[in-house]
*Asks:* 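Submitted below is the structure of interest, expressed as C-alpha cells.
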Number of protein chains: 2
Amino acid sequence: MQEKSTNTELLLDNHLCFTIYACSREITKLYQPYLDKIGVTYSQYLVMIVLWEREQCTVKELGEALFLDSGTLTPLLKRLQAAGLILRERSLQDERKVLISLTPLGWDLQKEAACIPSKMMEGTDMSEKELGDLLVQFKDLLGRVHSANTSASKK
Amino acid sequence: MQEKSTNTELLLDNHLCFTIYACSREITKLYQPYLDKIGVTYSQYLVMIVLWEREQCTVKELGEALFLDSGTLTPLLKRLQAAGLILRERSLQDERKVLISLTPLGWDLQKEAACIPSKMMEGTDMSEKELGDLLVQFKDLLGRVHSANTSASKK
DNA sequence: TTAAATTAAATTGTGTACAATATATAAATA
DNA sequence: TATTTATATATTGTACACAATTTAATTTAA
C-alpha cells in the first residue's frame, strides 16, 4: 500500500514538472511566428513588455520582474540595443546601475506587437475564464516554488 | 468597453504564458540541489526517467516523449554516454536509428534518484489532490498548444 | 532496378539560462 | 577617514533549445 502510494506521488510529481516544462516550450513555439515578424525572441519580447509598462528601469528591476539574472539579461539587452530598440545608460546618481529605456523604434514595436496576445488566445482555444482560473492557480504555484527557492538559497 | 476587454485579454494571456515560463525555470532550480547530488541536469534526468521505464528506445522515441529534437538530444546523450550512464548503438535492422540503453551504472542511478520526487513535493507544499488537479489542467493545455503547433507546421 | 522522396541523426549557428567569479561603485562601520 | 561589507552589472563557462541544413539509410514510385 505504502509503496504504491509513494510510486503514485513519484509519477505525479515527475509528470507535473515535466508537463509544465514541455508546456512552456510549446507556448514559446506558438509565439514564434508572430515574434519572427517583429524580430525579437520570446525573452526579448518579455523585456519589451516590462519596458512598455514602466518606460524605464534598471537591469536589476528587469531581473526581478522576469526572474532572470544579469548573466542572462546583459547579453540579451545588448542585442536589443544593437537592434535599436532600447538604450543602456549608466545611472548618474549610482554608477553601479544601468538604466534601460525605449528608443522611438522600441515604442513603435508596441503597436506591431499589439495583436500577438489575441492570436495566442486563439491558439490555445480556451475561454477567458478558463485561462483566468489557470492563471490564478499558476501564480500560486509560482509563488510557492519561488519562495522555496529563495529561502533555500538564504541558508 | 471593447478596448478595455481586449486589454484585459492581452494582459491575461501575456501573464499566463510568462507565469508558466517562469514557473518552469523555478521548478528546475528546485530540482537542482538533488540533481547535483546524482550528477545530471534536469533534461538528462528526464531522459533517464524515460529509459528507466522503457529500458531501450531510439533518439526519435525519446524526442517524442520529451518534445525535444536531435539537435538537443544528440549532444545531451553524448554527455550521458561520457558519464557512463547510457549506451548509444546504431540499430542493425535500420542503420538510421540509434538505440539508447542503460548501463549498469545508469540502472544504479535509479535508486539514488528515487527520493527526488518526494523531496520536490515538499518543496511545493501542496496536497496530492491539488497537484493532481493541476496536472489534469496542464496536460489539457499542453495537448492544445502542441496540436496547435503541429498543425501549424504541417501547413 | 534506378530515381525520387522520406526518414533518422548529426551538425551548425544563434540565443537563452544560470552558476560562479570578477569588477566597480556605494554604503556601513570601526 | 580608512576599511569592510554590500550592491549592481559584467564576464566566463557549461548546457540546453531549436531552426536550418547536411548526411546517410530506407522506402516509394517511376
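Note on naming: letters A, B, ... go to the chains in the order of the sequence lines (proteins, then strands), and numbering restarts at 1 for each one. Since this is a predicted model, take the numbers as computed values, not measurements. Heavy-atom basis, side chains included; hydrogens, waters and symmetry copies ignored.
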*Asks:* I'd like a table of atom pairs between the protein and nucleotides 24-26 of chain D - only N or O on both sides, under 3.5 Å - with the distance next to each one.
*Replies:*
unit_1  : atom_1 : unit_2   : atom_2 : d
dT26(D) : OP1    : Glu95(B) : N      : 3.1

*Asks:* In whole Å, I'd like the distance from the CG atom of Asp69(B) to the C1' atom of dT22(D).
*Replies:*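 Between C1' of dT22(D) and CG of Asp69(B): 14 Å.
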
*Asks:* For Tyr21(A) and Tyr42(B), I'd like to know if the aromatic rings sit close, meaning centre-to-centre distance below 6.0 Å.
*Replies:*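 Between Tyr21(A) and Tyr42(B), the centre distance is under 6.0 Å.
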
*Asks:* Given that both distances must come in under 3.5 Å, which nucleotide forms a Watson-Crick or G-U wobble pair with dT16(C)?
*Replies:*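 dT16(C) is paired, partner dA15(D).
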
*Asks:* Do Gln137(A) and Asp133(A) meet the criterion of a side-chain donor-acceptor pair at a distance under 3.5 Å?
*Replies:*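 Absent: no donor and acceptor within the cut-off.
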
*Asks:* Rounded to the nearest 0.5 Å, what's the gap from CZ on Arg88(B) to CD1 on Ile86(B)? Could you check?
*Replies:*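 Separation between the atoms: 7.0 Å.
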
*Asks:* Report the distance from atom CG of Leu30(B) to atom CZ of Arg144(A), rounding to the nearest 0.5 Å.
*Replies:*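 Atom-to-atom, Leu30(B):CG and Arg144(A):CZ are 12.5 Å apart.
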
*Asks:* List the steps, then state whether side-chain contact (heavy atoms from CB on, under 4.5 Å) holds for Ile100(A) with Val47(A).
*Replies:* CA-CA 10 Å; Ile100(A) 309 298; Val47(A) 167; 5.5 Å; no

*Asks:* Hey, which sits more toward the 5' end of DNA chain C by its nearest nucleotide, Val98(B) or Leu68(A)?
*Replies:*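 Result of the comparison: Val98(B).
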
*Asks:* Could you state the CG-P distance from Asp36(B) to dT14(D), rounded to the nearest angstrom?
*Replies:*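 Checked: the CG to P distance equals 16 Å.
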
*Asks:* Heavy atom of residues 72-85 of chain A under 4.0 Å from DNA chain D: which residues?
*Replies:*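 Close to the strand are Thr74(A), Lys78(A).
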
*Asks:* Going by heavy atoms in the side chains, are Val136(A) and Asp140(A) under 4.5 Å from each other?
*Replies:*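 Side chain of Val136(A) against side chain of Asp140(A), heavy atoms only: no contact under 4.5 Å found.
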
*Asks:* Need one value for Ser70(B): base, sugar-phosphate or nothing, where a base atom within 4.0 Å counts as base even if backbone is also close, heavy atoms only.
*Replies:*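 The residue Ser70(B) makes base contact.
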
*Asks:* Could you state the interatomic distance from CZ (Arg25(B)) to CG (Leu142(A)), rounded to the nearest 0.5 Å?
*Replies:*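 The distance works out to 9.0 Å.
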
*Asks:* Could you check how far CD of Glu89(B) sits from C1' of dA8(C), rounded to whole Å?
*Replies:*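 Roughly 17 Å, once rounded to whole Å.
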
*Asks:* Measure the distance from OH on Tyr42(A) to P on dA19(D) and round it to the nearest whole Å.
*Replies:*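 Computing the Tyr42(A):OH to dA19(D):P distance gives 16 Å.
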
*Asks:* Return the CG to OG distance between Leu73(A) and Ser43(A), rounded to the nearest 0.5 Å.
*Replies:*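 The OG atom of Ser43(A) is 9.0 Å from CG of Leu73(A), to the nearest 0.5 Å.
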
*Asks:* Between atom NZ of Lys139(A) and atom NE2 of His15(B), what is the distance when rounded to the nearest 0.5 Å?
*Replies:*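 Reported to 0.5 Å precision, the distance equals 6.0 Å.
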
*Asks:* Both Arg90(A) and Tyr21(A) contact DNA chain D. Taking the nearest nucleotide for each, which residue is further toward the 5' end?
*Replies:*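 Here Arg90(A) is the residue nearer the 5' end.
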
*Asks:* Calculate, to the nearest 0.5 Å, the distance between atoms CG and CD1 belonging to Leu134(B) and Ile20(A) respectively.
*Replies:*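 The CG atom of Leu134(B) sits 7.0 Å away from the CD1 atom of Ile20(A).
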
*Asks:* Are Lys60(A) and dA8(D) close enough that a side-chain N or O sits under 4.0 Å from OP1 or OP2?
*Replies:*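 Yes, because at least one side-chain N or O of Lys60(A) sits under 4.0 Å from OP1 or OP2 of dA8(D).
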
*Asks:* If I take atom CD1 in residue Ile100(B) and atom P in nucleotide dA8(C), what distance separates them, rounded to the nearest angstrom?
*Replies:*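 After rounding, the gap between these two atoms is 14 Å.
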
*Asks:* Of the residues in residues 23-31 of chain A, which ones touch DNA chain C at a heavy-atom distance under 4.0 Å?
*Replies:*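 Contacting residues: none.
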
*Asks:* If only side-chain N and O atoms of Thr58(A) are considered, is one of them under 4.0 Å from the OP1 or OP2 phosphate oxygen of dA8(D)?
*Replies:*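 Indeed not, no polar side-chain atom of Thr58(A) lies that close.
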
*Asks:* Could you tell me the separation between the CG atom of Leu66(A) and the C1' atom of dA17(C), rounded to a whole number of Å?
*Replies:*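 Result: 13 Å.
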
*Asks:* Show the numbers, then the answer: is there a side-chain contact (heavy atoms from CB on, under 4.5 Å) between Thr58(B) and Val98(B)?
*Replies:* CA-CA 5 Å; Thr58(B) 65; Val98(B) 169; over 6 Å; no

*Asks:* Taking the side chain as every heavy atom from C-beta outward, state whether Leu51(A) and Leu85(A) have any atom pair closer than 4.5 Å.
*Replies:*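 Leu51(A) vs Leu85(A): side chains apart.
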
*Asks:* Round to a whole Å and report the spacing from NZ of Lys97(B) to C1' of dT6(C).
*Replies:*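 About 13 Å, once rounded to whole Å.
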
*Asks:* At 4.0 Å (heavy atoms only), tell me whether Gln32(B) reaches a base, stays on the sugar-phosphate, or touches nothing.
*Replies:*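 No contact.
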
*Asks:* Atom CG of Leu62(B) to atom P of dA17(D): distance rounded to whole Å?
*Replies:*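 Computing the Leu62(B):CG to dA17(D):P distance gives 14 Å.
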
